[in-house]
Participant: 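Right, I'll just put the structure down here and ask away after.
Because only heavy atoms are used, hydrogens play no part in the values below, and waters and symmetry mates are left out as well, while side chains stay in.
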Amino acid sequence: QVQLVESGGGLVQPGGSLRLSCAASGNIFSINVMGWYRQVPGKERNLVATVTNSLRTNYAESVKGRFTISRDNAKNAVYLQMNSLIPEDTAVYYCNAVAAIYGSTPNAYWGQGTQVTVSS
């Protein structure tokens, strides 16, 4: 199994910044893609940003130019730097990893989620 532990959420004023972190642990053979998704109550979970093991990134249009995803392959960690936050960014943010454990094919794993609230 692969465990993902997130940190860094909280309450921030509009225009402020937050940095989310996610570390993967377990009997990991490889991690292909890591990323962040977000969800508000009553709506589906949506992609925020992803990064491959070759550091290719992909962003939702709504966060381009404001959010930056990065990854530390040595630490099996992914980060999301969020700047110029707006109230519409308020959501539970989930870390995701497509990872393979030894002797198995890749599967998608999720963290427990961390709340980000943008409000004055």
Side-chain angles (χ1 to χ4, degrees):
Q1 279 290 355
V2 176
Q3 295 80 39
L4 300 176
V5 178
E6 302 131 333
S7 61
L11 172 64
V12 64
Q13 293 186 342
S17 298
L18 281 176
R19 185 174 188 252
L20 305 183
S21 300
C22 173
S25 62
N27 194 26
I28 299 170
F29 173 69
S30 65
I31 302 179
N32 300 333
V33 182
M34 300 188 81
W36 293 93
Y37 292 71
R38 65 187 182 187
Q39 187 173 23
V40 298
K43 295 192 175 181
E44 63 184 18
R45 191 172 298 183
N46 292 319
L47 179 145
V48 176
T50 59
V51 57
T52 68
N53 53 8
S54 59
L55 304 183
R56 179 174 293 182
T57 59
N58 179 51
Y59 293 93
E61 285 296 325
S62 60
V63 306
K64 281 184 179 179
R66 301 188 297 121
F67 291 10
T68 302
I69 191 169
S70 60
R71 177 171 173 171
D72 186 334
N73 288 330
K75 296 181 178 179
N76 289 333
V78 64
Y79 310 96
L80 186 68
Q81 178 65 44
M82 304 185 292
N83 298 328
S84 302
L85 284 160
I86 59 178
E88 289 75 17
D89 294 320
T90 297
V92 177
Y93 284 69
Y94 294 92
C95 177
N96 171 270
V98 178
I101 61 175
Y102 286 92
S104 180
T105 55
N107 279 306
Y109 297 91
W110 294 93
Q112 79 283 359
T114 185
Q115 177 70 46
V116 171
T117 302
V118 184
S119 175
S120 56

Participant: Run the numbers on R38 and V116 for side-chain contact (heavy atoms from CB on, under 4.5 Å), then give the verdict.
Facilitator: CA-CA 9 Å; R38 65 187 182 187; V116 171; over 6 Å; no
Participant: Is a donor on one side and an acceptor on the other found under 3.5 Å between the side chain of E6 and the backbone of C22?
Facilitator: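 No: the side chain of E6 does not pair with the backbone of C22.
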Participant: Do V63 and V12 belong together in a cluster built from hydrophobic side chains that touch within less than 4.5 Å?
Facilitator: yes
Participant: Grab the two heavy atoms, one from V40 and one from A91, that are nearest each other, plus how far apart they are.
Facilitator: CG1-CB, 3.7 Å
Participant: Out of curiosity, does I28 fall in the hydrophobic cluster containing Y109 (side-chain heavy atoms, cut-off under 4.5 Å, transitive links)?
Facilitator: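 The answer is yes; both residues are in one hydrophobic cluster.
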Participant: Is there side-chain contact between M34 and N53, with heavy atoms separated by less than 4.5 Å?
Facilitator: no
Participant: Do R66 and D89 touch side chain to side chain, with heavy atoms closer than 4.5 Å?
Facilitator: yes
Participant: Within the 4.5 Å heavy-atom criterion, are I31 and V2 side-chain neighbours or not?
Facilitator: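 No, side chains not in contact.
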Participant: According to the interplanar angle, ranging from 0 to 90°, do the rings of Y93 and F67 count as parallel (below 30°), tilted (30 to 60°) or perpendicular (above 60°)?
Facilitator: tilted
Participant: Using side-chain heavy atoms (C-beta onward) and a distance below 4.5 Å, is Y79 in contact with D72?
Facilitator: yes
Participant: Side-chain contact, heavy-atom cut-off 4.5 Å: Y37 with T50?
Facilitator: yes
Participant: How far apart are the closest heavy atoms of A108 and N96, and which atoms are they?
Facilitator: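 The pair with the smallest heavy-atom distance is CB-ND2, 4.1 Å.
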Participant: Under the side-chain contact (heavy atoms from CB on, under 4.5 Å) rule, what do Q115 and T90 come out as? Steps first, then yes or no, please.
Facilitator: CA-CA 8 Å; Q115 177 70 46; T90 297; 4.0 Å; yes
Participant: On a heavy-atom basis, which atom in Y59 and which in A49 lie closest, and how many Å separate them?
Facilitator: CD2-CB, 3.6 Å
Participant: Same cluster for L55 and V98 if Ile/Leu/Val/Met/Phe/Trp/Tyr side chains link at under 4.5 Å?
Facilitator: no
Participant: Let me confirm one number: the CG-CD1 distance from L20 to I69, rounded to the nearest 0.5 Å.
Facilitator: 10.0 Å
Participant: Would you check if W36 and C95 make a side-chain contact, meaning some heavy-atom pair closer than 4.5 Å?
Facilitator: yes
Participant: How long is the gap from CD on Q1 to OG on S25, to the nearest 0.5 Å?
Facilitator: 11.0 Å
Participant: For residues S17 and N83, report the shortest heavy-atom separation together with the two atoms involved.
Facilitator: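 Heavy atoms only, the tightest pair is OG-OD1, 2.9 Å.
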Participant: Heavy-atom distance under 4.5 Å between the side chains of F29 and I101, does that happen here?
Facilitator: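 No, every pair of side-chain atoms sits at 4.5 Å or beyond.
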Participant: Taking all non-hydrogen atoms of both residues into account, name the closest pair between A97 and L4 and its distance.
Facilitator: N-CD1, 3.7 Å
Participant: Quick one: do the T117 and S119 side chains pair a donor with an acceptor below 3.5 Å?
Facilitator: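 No.
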Participant: Can you get from Y94 to L80 by hopping between Ile, Leu, Val, Met, Phe, Trp and Tyr side chains that sit under 4.5 Å apart?
Facilitator: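 No: no chain of side-chain contacts under 4.5 Å links Y94 to L80.
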Participant: Roughly how far, to the nearest 0.5 Å, is OH of Y102 from CG of N27?
Facilitator: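 OH of Y102 is found 7.0 Å from CG of N27.
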Participant: State, without any angle test, whether N73 and R71 hold a side-chain donor-acceptor pair at a distance under 3.5 Å.
Facilitator: yes
Participant: Would you say the side chain of P14 lies within less than 4.5 Å of the side chain of I86, judging by non-hydrogen atoms?
Facilitator: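 SC-SC contact between I86 and P14 ruled out.
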